[in-house]
Amino acid sequence: MNTKNQLGINTICTHVGEIKDEQFKGAVSPLYMSTSYQFDNVDVKRYPRYFNTPNQEALCRKIAALEKTESALIFGSGMAAISTTLLAFLQKGDHVVLQETLYGGTYNFVVEEFQKLGIEYSFTNSLAIEDFQKAMKPNTKVIFIETPSNPLLKIVDMQAVANLAKAHNVITMIDNTFASPINQTPIDFGIDIMIHSATKYMGGHSDILAGAVAASESHIKQVWNLAKNLGGSLSDFTVWMLERSLKTMNLRVKRQSKNALKMAKYLEKHQHVARVYYPGLKSHENYVLAKSQMNYFGGMLSFELAEGIDAMTFQRNLSLIKPSMSLAGVESTMLSPTQTSHALLSGEEREKQGIKDGLIRFSVGIEETKDLIEDIEQALKKTIR
Ligand SMILES: *Cc1c(COP(=O)(O)O)cnc(C)c1O
């Protein structure tokens with residue numbers, strides 16, 4: 001039995017995978033920056049691009065424990081993790097089913113690279129399981145999902161997707177970035193491979209670019225076989241930073257999720273807000289499903305201001321909440337998907353996805369919600385007058 005999975009979540013975050021400092025008895029893992037290790041009398045050839053330096057291996061144990069998997073691998077970015085993992089399980093002539101709304105970088109990777117590799121792909125028409133079913137082909141090898149989705153926080157039924165995949169002998173992958181392992185552990189629902197942009201909640205302080213993959217020993221071996229050739233490993237200094245960040249992940253993400261629920265409820269009642277998208281609100285189309293597969297509902301929400309209030313002017317008038325591209329840091333940020341993350345889509349495509357021009361995506365931080373509310377109130381006042 002795997003004893004580390006019996007530890008409580010904060011203990012896993014703090015301790016699993018730590019390297020004991022035998023030399024000086026320091027409190028934290030020593031950082032080994034060597035790119036060169038003695039080759040005689042050692043059975044492992046250690047090299048950062050082989051993903052097996054002491055710090056890399058230690059951090060992978062922590063991430064595997066968080067996702068309840070046998071093994072894990074860390075990468076130089078979320079996209080390195082996503083691209084390497086997809087390509088590790090797809091070859092010429094294979095087909096992959098991807099959900100309709102995906103992180104922009106993943107979408108671009110698929111539509112810009114797959115054709116020349118001879119890999120076929122289909123995007124589903126909606127997030128309903130029937131549409132996943134319809135997209136399946138005899139040569140389908142992988143189903144790729146991302147839940148909650150960006151920016152409308154729609155929820156995909158993980159159990160249904162896993163069942164469909166198992167019936168067709170197909171591998172399932174999830175981009176679990178938005179939920180983080182704190183809010184959902186997809187392996188509990190039968191998903192095979194969990195992928196993260198560790199740049200987001202795992203890093204949590206907007207100062208680390210990294211990616212992670214967690215899965216069974218044999219699936220990770222298959223990812224590693226390609227990963228060592230593509231070379232997307234993570235530098236040991238950043239590995240060490242990420243280990244430090246993960247110690248507080250549960251504290252941060254739980255607080256961000258509680259804050260987000262409070263902010264969603266506040267915004268939903270607001271006279272100047274037309275609509276709020278948050279899976280923790282009863283008004284959300286997937287509330288029941290979200291409740292069945294998530295612990296908390298996450299720190300991300302989206303909202304539309306009432307008719308006639310300019311979203312960009314409103315965001316410029318904020319003083320505490322930062323208008324910012326990225327997400328998941330301890331500080332609250334907002335952005336307009338039409339101007340940023342989804343700017344490359346046509347107006348028609350955005351409309352199809354339900355992304356209105358006035359939509360604002362809100363990454364809720366750990367601040368006091370009363371201060372966030374005050375900031376929104378003063379910005380609205382300035383915008384409306
Ligand atoms: C940011 C992000 C990515 C890409 O990660 P990088 O670390 O920027 O490469 C992938 N998926 C989701 C959901 C993201 O938010």
Side-chain angles (χ1 to χ4, degrees), residues 75 77-82 101-108 146-155 174-184 194-212 238 241-242 245-246 248-264 267 276-280 290 294 296-304 311-312 314-315 318 320-345 353 355 359-367 369 372 375-376:
F75 288 84
S77 70
M79 279 316 301
I82 291 168
T101 40
L102 284 180
Y103 175 72
T106 310
Y107 177 84
N108 291 342
E146 181 184 321
T147 179
S149 75
N150 179 21
L152 295 178
L153 293 313
K154 290 188 201 167
I155 307 294
I174 182 171
D175 183 332
N176 202 24
T177 302
F178 265 39
S180 91
I182 303 307
N183 282 321
Q184 73 191 14
M194 279 55 72
I195 313 178
H196 288 271
S197 168
T199 311
K200 313 297 166 50
Y201 287 106
M202 286 190 171
H205 296 72
S206 310
D207 56 8
I208 286 173
L209 188 80
T238 315
M241 292 275 288
L242 186 53
S245 295
L246 283 170
T248 57
M249 181 168 65
N250 183 61
L251 298 178
R252 287 185 278 106
V253 172
K254 205 175 272 180
R255 167 73 181 212
Q256 284 168 298
S257 303
K258 286 181 178 173
N259 275 0
L261 180 60
K262 280 190 203 160
M263 295 308 293
L267 287 167
V276 182
Y277 302 86
Y278 185 66
M294 300 182 78
Y296 298 87
F297 300 99
M300 301 297 301
L301 65 92
S302 290
F303 64 99
E304 289 155 12
M312 292 309 283
F314 163 73
Q315 286 172 85
L318 292 164
L320 194 64
I321 301 167
K322 295 189 174 84
S324 165
M325 275 297 275
S326 204
L327 61 103
V330 289
E331 68 286 346
S332 290
T333 59
M334 284 189 189
L335 65 70
S336 286
T338 24
Q339 308 282 334
T340 53
S341 57
H342 294 66
L344 293 178
L345 295 183
Q353 296 195 12
I355 301 166
L359 188 76
I360 296 172
R361 192 186 72 188
F362 187 2
S363 170
V364 183
I366 63 169
E367 303 94 334
T369 48
L372 299 176
D375 194 25
I376 291 172

Run the side-chain contact (heavy atoms from CB on, under 4.5 Å) test on Thr338 and Leu359 for me, step by step, so that the C-alpha distance in whole Å, both residues' side-chain angles and the decisive distance to 0.1 Å come before the verdict. CA-CA 8 Å; Thr338 24; Leu359 188 76; over 6 Å; no
Can you measure from CZ (Phe75) to CD1 (Ile195) and round to the nearest 0.5 angstrom? 9.0 Å
For Asn259 and Val364, indicate whether the former's side chain and the latter's backbone hold a donor-acceptor pair under 3.5 Å. no
All heavy atoms of Ser206 vs all of Gly329, minimum pair found to be OG-CA, 3.8 Å
Tyr201 and Asn183, any side-chain heavy atoms less than 4.5 Å apart: no
Taking the side chain as C-beta and beyond, is there a heavy-atom pair between Met263 and Thr369 under 4.5 Å? yes
How long is the gap from CE on Met334 to CD1 on Ile376, to the nearest 0.5 Å? 4.0 Å
Does the pair Leu261 and Lys258 meet the rule for a side-chain contact (heavy atoms from CB on, under 4.5 Å), with working shown? CA-CA 5 Å; Leu261 180 60; Lys258 286 181 178 173; 5.9 Å; no
Under a 4.5 Å cut-off applied to non-hydrogen side-chain atoms, are Leu267 and Leu301 in contact? yes
Does the side chain of Gln315 come under 3.5 Å of the side chain of Ser336 through a donor N or O and an acceptor N or O? yes
Those residues at least two apart in sequence (or on a different chain) that pass salt bridge (charged side-chain N to carboxylate O under 4.0 Å, His left out) with Glu304 are Lys356
Answer yes or no: is there a donor N or O on one side and an acceptor on the other, between the side chain of Asp175 and the main chain of Leu102, under 3.5 Å? no
Donor-acceptor check, side chain of Ser77 to backbone of Ala80, threshold 3.5 angstrom: yes or no? yes
Rounded to the nearest 0.5 Å, how far does CD1 of Ile182 lie from CE of Met249? 4.0 Å
Could you pull out all residues at least two apart from Tyr103 that satisfy ring-ring contact (aromatic ring centres under 6.0 Å, His included)? none
Do the non-hydrogen side-chain atoms of Phe362 and Ile321 ever get within less than 4.5 Å of each other? yes
Apply side-chain contact (heavy atoms from CB on, under 4.5 Å) to the pair Lys262 and Leu372, showing each step before the final yes or no. CA-CA 11 Å; Lys262 280 190 203 160; Leu372 299 176; over 6 Å; no
Compare every heavy atom of Ser245 with every heavy atom of His205, then report the nearest pair and how far apart it is. ND1-OG, 4.1 Å
Atom CG in Leu327, atom CZ in Arg361: separation rounded to 0.5 Å? 4.5 Å
Shortest non-hydrogen contact from Ala198 toward Leu242: CB-CD2, 3.9 Å
Donor-acceptor under 3.5 Å (Thr177 side chain, His196 main chain): no
Quick check against the 3.5 Å criterion: does Thr333 have a side-chain atom that pairs as donor or acceptor with the backbone of Lys322? no
Rounded to the nearest 0.5 angstrom, the CD-OG distance for Glu331 and Ser326 is 9.0 Å
Minimum side-chain heavy-atom gap Pro148-Met294 below 4.5 Å: yes
When you compare the side chain of Lys154 with that of Thr147, does any pair of heavy atoms fall below 4.5 Å? no
Measure the shortest side-chain to side-chain distance between Leu335 and Pro337 over non-hydrogen atoms and say whether it is less than 4.5 angstrom. yes
For Met79 against Gly105, the heavy-atom pair lying closest together: CE-O, 3.4 Å
When every non-hydrogen atom of Tyr278 is compared with those of Ser257, the smallest separation belongs to OH-O, 3.4 Å
Heavy-atom nearest pair, Ser363 first then Ala328, reads OG-N, 2.8 Å
When you measure from the side chain of Ser302 to the backbone N and O of Pro151, does any donor-acceptor pair fall under 3.5 Å? yes
Spacing of OG belonging to Ser197 relative to CG belonging to Leu209, to within rounding of 0.5 Å: 7.0 Å
Using modelled atom types only, decide if a donor and an acceptor are shared between the side chain of Arg252 and the backbone of Met202 within a distance under 3.5 Å. yes
Determine, step by step, whether Phe178 and Leu153 satisfy the side-chain contact (heavy atoms from CB on, under 4.5 Å) criterion, reporting the C-alpha distance in whole Å, the side-chain angles of both residues, the deciding distance to 0.1 Å, and the verdict. CA-CA 9 Å; Phe178 265 39; Leu153 293 313; 3.9 Å; yes
